[in-house]
Structure formats: C-alpha cells, structure tokens
Amino acid sequence: MPAGLEQYYSQALAWSRCEGEFECATMRVPLDYSQPAGESIDIALLRLRSAGSMGSIVLNPGGPGGSGIDYVRAARVITSDELRANFNLVGFD
C-alpha cells in the first residue's frame with residue numbers, strides 16, 4: 001500500500017438499500033493521489049448484490065462522460081446471468 005493512503009484503503013463502506021434492488025454507499029478518496037494528506041472527496045457507489053457472491057467486480061464504461069452508476073443499473077442488459085449470479089457489481093460516479 002502506498003504511504004499515506006492507509007486511511008482510504010482501510011475504510012469500511014456503509015451500504016444501504018436504495019433504488020429497489022440496489023445498494024448505495026460513498027467512498028472517500030484523495031483528490032490528488034500524489035498528495036494523500038491533501039483535500040479529499042466522496043464518490044458515490046451503487047452495488048447490485050449477487051446471491052452467491054464470489055467477490056465484487058467494478059464496472060466502468062470508460063469516459064469521459066460515462067456513468068458507472070448507470071452502467072450498473074443496466075447490468076441485466078450488459079452482463080451475463082452467470083456473472084450476476086456469482087459477483088456483486090459495483091459502479092461509481
């Protein structure tokens with residue numbers, strides 16, 4: 001782990017039910033990773049939980065301009081049934 005980023009790597013996310021079947025949380029990150037003691041911001045997260053989770057996959061549509069949260073909302077169209085059955089899908093904005 002890079003020095004100075006311990007507080008970010010060790011944070012526990014507080015997921016709560018939102019938008020029907022989804023869960024929402026925020027994650028604090030440094031605005032500039034080369035200055036981890038400097039200013040930080042919160043990033044919104046959206047998660048679609050799987051029944052038999054083998055872990056989480058972060059979906060990122062690329063960018064600029066693509067919403068990772070909207071990408072997870074469209075998970076039933078852009079991912080396979082098998083992937084959704086085995087992995088939590090997470091997006092961020």
Side-chain angles (χ1 to χ4, degrees):
M1 172 181 334
L5 294 173
E6 297 83 4
Q7 66 178 318
Y8 300 106
Y9 281 70
S10 63
Q11 66 188 298
L13 302 178
W15 293 100
S16 61
R17 191 61 98 176
C18 68
E19 300 185 31
E21 64 186 327
F22 299 101
E23 295 177 322
C24 294
T26 58
M27 177 175 64
R28 194 156 236 3
V29 298
L31 192 57
D32 181 347
Y33 273 78
S34 69
Q35 310 256 336
E39 190 175 354
S40 61
I41 59 172
D42 288 329
I43 293 179
L45 304 171
L46 186 74
R47 174 170 71 178
L48 178 61
R49 287 184 61 108
S50 70
S53 180
M54 296 172 60
S56 296
I57 295 177
V58 176
L59 301 179
N60 182 355
S67 167
I69 286 179
D70 286 343
Y71 214 54
V72 171
R73 285 183 186 128
R76 297 203 188 296
V77 176
I78 62 170
T79 63
S80 69
D81 292 340
E82 183 178 5
L83 184 77
R84 288 190 313 279
N86 291 296
F87 292 94
N88 299 321
L89 303 179
V90 178
F92 63 93
D93 276 347

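Hydrogens, waters and symmetry mates are skipped; everything else that's a heavy atom, side chains included, is used.
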Could you give the distance from [atom1] ([X]) to [atom2] ([Y]), rounded to the nearest 0.5 Å?
X     : Y     : atom1 : atom2 : value
Asn88 : Leu48 : CG    : CG    : 8.0 Å
Thr79 : Ile57 : OG1   : CD1   : 9.0 Å
Arg49 : Leu89 : CZ    : CG    : 12.0 Å
Cys24 : Arg17 : SG    : CZ    : 10.5 Å
Asp81 : Asn86 : CG    : CG    : 11.0 Å

Would you check if the side chain of Asp93 reaches a backbone N or O of Ser67 as a donor-acceptor pair within less than 3.5 Å?
no
I'd like to know if the side chain of Gln35 reaches the main chain of Asp32, judged simply by a donor and an acceptor atom lying under 3.5 Å from each other, with no hydrogens or angles considered.
no
SB check Arg73 Glu19 (cutoff 4.0 Å)
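Answer for the salt bridge query: yes.
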Does the distance from a Lys or Arg side-chain N to an Asp or Glu carboxylate O, for Glu23 and Arg47, drop under 4.0 Å?
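Yes.
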For the hydrophobic clusters of this structure (ILVMFWY residues joined by side-chain heavy atoms under 4.5 Å, transitively), does one cluster hold both [X] and [Y]?
X     : Y     : result
Leu46 : Leu83 : yes
Ile43 : Val58 : yes
Phe92 : Val90 : yes
Tyr9  : Leu13 : yes
Phe22 : Ile69 : yes

Is there a side-chain contact between [X] and [Y] (heavy atoms, below 4.5 Å)?
X     : Y     : result
Tyr8  : Pro30 : yes
Tyr71 : Asn60 : no
Met27 : Asp42 : no

Counting only heavy atoms not in Glu82 (residues, nucleotides, ligands), do more than 12 fall under 6.0 Å from its CD?
no
Does a side chain donor of either Ser50 or Arg84 reach within less than 3.5 Å of an acceptor in the other side chain?
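Not at all, the side chains of Ser50 and Arg84 share no donor-acceptor pair under 3.5 Å.
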